[in-house]
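From a predicted model like this one, the values you see are computed outputs, not experimental measurements. We name chains A, B, ... by the order of the sequence lines, and we start the count at 1 in each one.
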2 protein chains.
Amino acid sequence: MARHSILQTLPEPLRSQALERIQFMTFPAGQVLFTAGERCHGLPLVLSGSVKVQMTGVSGHSIVLYRMGADDICTLSIGCLMTGRGYRAEAVVEEEAEAAMIPRGLFDRLLEQSPEFRLGIMESYGRRLDDLMLLVEEVAFRRMDERLAEWLAARAAQGTIAITHQELAIELGTAREVVSRLLKELERRGQVRLSRGRIDVTGELSGLD
Amino acid sequence: MARHSILQTLPEPLRSQALERIQFMTFPAGQVLFTAGERCHGLPLVLSGSVKVQMTGVSGHSIVLYRMGADDICTLSIGCLMTGRGYRAEAVVEEEAEAAMIPRGLFDRLLEQSPEFRLGIMESYGRRLDDLMLLVEEVAFRRMDERLAEWLAARAAQGTIAITHQELAIELGTAREVVSRLLKELERRGQVRLSRGRIDVTGELSGLD
DNA sequence: CTGGCGTCGGTGATAAAGTCACAGAGCAAG
DNA sequence: CTTGCTCTGTGACTTTATCACCGACGCCAG
């Protein structure tokens with residue numbers, strides 16, 4: 001039952017007591033876990049699947065902030081959980097995901113009673129801050145063609161990716177036209193083949209030029 | 001002695017015990033609190049003054065991530081403190097600052113024994129995440145002239161700011177030339193007057209055009 | 001099977017921002 | 001006054017963002 005490493009570190013009888021109060025849930029692909037402005041009613045521990053967290057600016061543009069996968073903790077929820085403020089971002093399930101929801105009272109009690117739980121939370125927290133700082137640097141200073149090539153290479157060194165240019169633009173926080181043009185350039189160089197809603201990676205993407 | 005709200009919430013005798021192990025320090029303007037890669041040996045609570053946190057990308061460009069002032073907590077340190085990884089950013093004192101350094105062992109003990117301390121830490125964490133998410137949006141989607149005007153307006157609705165174009169470029173995460181040109185444009189419109197290392201705000205900056 | 005419709009992708013024109021290179025202005029110390 | 005350093009201004013060019021529009025593709029109803 002305790003299919004998350006932070007739960008496995010809990011000593012008995014704390015673990016059993018915790019498991020009684022934790023709600024296990026399954027979310028289908030496409031499901032919205034939370035949206036901007038919404039209140040938070042528990043800390044989600046991701047057990048399986050994949051969830052992307054993105055935000056939309058006043059301009060209406062969106063950008064993907066990070067992803068959560070198996071054994072991740074939705075640290076973004078902690079702030080909302082403890083202060084009662086609403087979320088600033090939204091979370092969308094990409095691959096069917098299972099999660100364990102820890103209610104507020106239990107979260108506080110686990111923090112109190114388990115040094116390992118504290119460590120796990122703080123570790124996750126540090127990683128999330130690092131991710132966001134890296135993203136700031138990336139958005140502020142790196143070239144879009146490099147970022148696009150890296151994104152593609154990370155998904156499929158060789159092979160097919162099912163994604164529209166618009167979705168890819170949101171991943172990178174840019175405009176659809178920019179993605180289209182950069183992809184077209186990659187196609188001219190023979191590094192990808194393009195079709196509607198699909199990108200086939202055919203050549204080396206990184207370390208070229 | 002307990003000149004930080006999170007210390008004031010501690011009940012006796014926990015507070016007295018904590019104060020024995022906390023080191024109070026004063027840092028002059030210009031002092032570097034920590035640099036990228038450095039290990040962290042305690043959680044700083046800022047009592048007074050102002051500290052800016054900035055990071056430098058592989059490209060060599062820098063950007064200011066956020067500032068800490070009186071009653072802030074250097075949440076960035078928590079991740080490093082708990083995991084032993086090095087800092088990714090650096091912190092520089094802007095106005096002479098006093099800080100209370102909480103060693104790792106004490107931090108964990110306070111988390112365990114004080115619900116108010118836990119709440120304070122998590123609140124601070126949430127605020128920091130929000131700040132960074134806002135920064136991502138700002139850098140990714142907003143126009144530089146707007147951001148520059150807002151930055152100036154926030155510092156001095158009317159009056160003088162002592163800063164070089166290069167420093168201002170780091171505040172906004174852009175290039176010095178871009179700042180110089182935008183400032184020149186503002187000067188042409190009569191909204192600022194420029195001199196070496198100084199900007200005089202003379203007109204309305206926000207809400208125009 | 002075909003015609004209509006909504007989504008997706010391509011592209012030109014133009015504006016904003018970033019990069020590179022360099023020159024001149026302001027300031028301080030000798 | 002000269003020297004040397006930092007700070008600022010600017011031209012030329014590249015990259016990215018924005019706006020406007022059109023054609024291609026896929027799907028579904030008739």
Nearest whole angstrom, please: distance from the C1' of dT6(D) to the CD1 of Ile163(B).
15 Å
Check this for me: Gln23(B), atom CD, are more than 12 non-hydrogen atoms of other residues, nucleotides or ligands nearer than 6.0 Å?
no
Can you label the angle between the Phe141(A) ring and the His61(B) ring as parallel, tilted or perpendicular, going by 30° and 60°?
tilted
Compute whether any side-chain donor of one residue and acceptor of the other, for Glu116(B) and Ser114(B), lie under 3.5 angstrom apart.
yes
Rounded to whole angstrom units, what separation is found between the CZ atom of Arg188(B) and the P atom of dT10(D)?
7 Å
Counting side-chain heavy atoms from CB outward, which of dA17(C), dG10(C), dG9(D) is closest to Asp145(B)?
dA17(C)
So Leu148(B) and Leu168(B), do their side chains get closer than 4.5 Å, heavy atoms only?
yes
Give every pair of a protein N or O atom and an N or O atom of nucleotides 17-20 of chain D that lie under 3.5 Å apart, one pair per line with the distance.
residue: dA17(D); atom: OP2; partner: Thr174(A); partner atom: OG1; Å: 2.3
residue: dT18(D); atom: O4; partner: Arg181(A); partner atom: NH2; Å: 2.7
residue: dC19(D); atom: N4; partner: Glu177(A); partner atom: OE2; Å: 3.2

Short N-O contact, Arg127(A) and Asp130(A), less than 4.0 angstrom
no
Do Ser50(B) and Glu94(B) have a side chain donor and acceptor closer than 3.5 Å?
yes
On DNA chain D, compare the nucleotides closest to Leu182(A) and Gln166(B); which residue's is nearer the 5' end?
Gln166(B)
Donor-acceptor pair between Glu98(B) and Ser48(B) side chains, under 3.5 angstrom
yes
Expressed in angstrom and rounded to an integer, what is the separation of Leu172(A) atom CG from dT16(D) atom P?
11 Å
Whole Å only: how far is the CZ atom of Arg142(A) from the C1' atom of dT14(D)?
18 Å
Any side-chain donor paired with an acceptor under 3.5 Å for Ser124(A) and Arg128(A)?
no
So, is the end of the Arg147(B) side chain (NZ or CZ) under 6.0 Å from the ring centre of Trp151(B) and within 45° of the ring's axis?
no
What is the distance from CD of Glu185(A) to C1' of dG9(C), rounded to the nearest Å?
17 Å
Any protein N or O atoms within reach of nucleotides 26-29 of chain D? Criterion: under 3.5 Å, listing atom names and distances.
none

What is the distance, to the nearest angstrom, from the CD1 atom on Ile63(A) to the P atom on dT16(D)?
15 Å
Can you tell me how far C1' of dG9(C) sits from CG of Leu186(A), to the nearest Å?
15 Å
Would you say dG9(D) has OP1 or OP2 under 4.0 Å from some side-chain N or O of His165(B)?
yes
Starting at atom CD1 of Ile170(A), determine the distance to atom P of dC8(C), rounded to an integer number of angstrom.
11 Å
